[in-house]
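Structure record follows, encoded as structure tokens.
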2 protein chains.
Amino acid sequence: MTSRVTPHSALRPLEAVVRRLTALSALSDAERELLRGFPIRRERHLPGDLLLAEGALGGRRRFILAGWACRQRTLADGRRQIFSFLLPGDSIACVARTLPEASAVVALTAMETADAQPALDAAQAGDAPGLAYAFRALEALEQRLLLDHMVRLGRQTAYERVAHFLLELQRRLEIAGLGDDQRFPLPLTQEIMGDALGLSIVHVNRILQQLRRDRLIELRSGVAILLEPERLAEIAVFPPPQLRRASAAQSPGGLGDPAPA
Amino acid sequence: MTSRVTPHSALRPLEAVVRRLTALSALSDAERELLRGFPIRRERHLPGDLLLAEGALGGRRRFILAGWACRQRTLADGRRQIFSFLLPGDSIACVARTLPEASAVVALTAMETADAQPALDAAQAGDAPGLAYAFRALEALEQRLLLDHMVRLGRQTAYERVAHFLLELQRRLEIAGLGDDQRFPLPLTQEIMGDALGLSIVHVNRILQQLRRDRLIELRSGVAILLEPERLAEIAVFPPPQLRRASAAQSPGGLGDPAPA
DNA sequence: CGTTGTGTTGAGCCGAATCAACCCCGGTGG
DNA sequence: CCACCGGGGTTGATTCGGCTCAACACAACG
């Protein structure tokens, strides 16, 4: 269904995961191979599927190979708040362990996930220090994204919120190997964006219109294009988060294939 | 200055910490004594003191013995978002370790803190399973409080936000041994509340007025009284979080990772 | 061919921000 | 002792961003 969105998930299912972790930590080639070698017990999910229930105990840890999900909470009167979006390369339920989940995880598109437990066990066992560091960094990054989102909700105008949000998605998706420095898949309805950004559907629509009129973005059939990322960043007021480790050397440049092994 | 606010900090400095942890985990008497016996290297801080800088690496972990602080971020143009309030019994910088902090921690009142490292080390060493569990629960609880705050910001009216916020404070403070089931210290200016709740000073003032007119709360000289907590809870729409362990069952032995096969 | 979900657009309203006074109170210093 | 000052709180008038309601367009799909 979303072959454009997740181009390599069929041939190299863990590609997004490897890219994500590599951006956060210096993985040895051995670790990369270790990661690719685990039995991953793939699973498929449909839009709307509940991947993790609110209040659940000790959810299964999984990697997302393809598709989008979100962490959310629904109030008694139907209002919904989306806390974060989970993209290919992200992991589910790696925070709380023996304690009830504070949010539900729901699939937004068709998805594919893999068992993350073997990799986590290896990291915890001390066999793969690079992996262990990457997982901790992942957790910290998640926290940072949550805080960013909170700033959007509490202290930014709708225009700023949307600008900052789109920038965040672009950066995250580029790292996961989807999209480039201005173009990326955006399989979200305006309702979903509204529930994330604390805005009504109608208002999300108007802001997107405005961003288009201002020639800052284009949106066509599930693909977003940031025409002037720098101006968007100015509008966004506070800098989108550092998604990579600060170190000088990073994964070898090109979008196509990191890690020649 | 705030002797009513922190009545036992002089005689039993760790009282709030012990109470907090006990509410989360079944601590043995030995563990409680262990906790009280650590060298805690107390420190005092003044309102406005920076306890942890944004972007700092590996901050010192400390317990709060007395006084209030907050986690916050300040934007370039001066806007501020407060993410959470840190109360007596809470700990600072227990999440990220080797990674840059995503938020600053700032003292809001005069404070006293203690070194948490000995206790954390003991927990990590496996000497005190109850403590270890408590610390993990503490982290999860913090996460939950963040998400609650996000719901307030994104999906609640000002009136609901304030109601829910006051209820949260009451519950947390009661557990820490400050205040009772409707009365608690509230040393926050309306500006601070505004920066937490995403509202202007003026509007915070009006909402508080309204809550008073509706005979739901009283505010006098740094003390808040919830006249009808149940009605406040109804207004708050979504239930304030579970701050204690669900007394019946928890994990007495399975403190490691549950490993759901 | 209707149906359903998503996007679009207009009209009107309302919640919350802004602007601007003013009050009260606790310093603090002449 | 009083004059002054600054921080916090209170209040009114006005503006405005974003919501609600409502209608319609369009595509995917049965």
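Just so we're on the same page: letters track the sequence lines, and every chain starts at 1.
Between the base of D:dG12 and the side chain of B:Arg206 there is a donor-acceptor pair shorter than 3.5 Å.
Listed by residue number, the members of residues 154-162 of chain B with any heavy atom below 4.0 angstrom from DNA chain D form an empty set. Residues of residues 209-219 of chain A that place a heavy atom closer than 4.0 Å to DNA chain D do not occur.
Within the structure, every side-chain polar atom (N or O) of B:Asn205 is placed at least 4.0 Å from both OP1 and OP2 of D:dG9.
If you measure from atom CD1 of A:Ile201 to atom P of D:dG18, you get 17 Å, rounded to the nearest angstrom. Summarising the geometry, the separation between CG on A:Asp195 and P on D:dG18 is reported as 16 Å, rounded to the nearest angstrom. Atoms CD1 (B:Ile207) and P (C:dG15) sit 10 Å apart, rounded to a whole Å.
B:Ile192 is listed as a side-chain neighbour of B:Arg80, based on a closest heavy-atom distance under 4.5 Å.
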### Query
Taking only Watson-Crick and G-U wobble pairs with both distances under 3.5 Å, what dot-bracket line describes DNA chain D, where [ ] shows pairs that cross earlier ones and | shows pairs with another strand?
||||||||||||||||||||||||||||||
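Within 4.0 Å of A:Leu208, counting heavy atoms only, lies no atom of the nucleic acid at all. A:Thr189 comes within 4.0 angstrom of sugar-phosphate atoms only, judged by non-hydrogen atoms across all strands, and of no base.
Distance from the side chain of B:His203 is smallest to C:dA16 among D:dG9, C:dT18, C:dA16.
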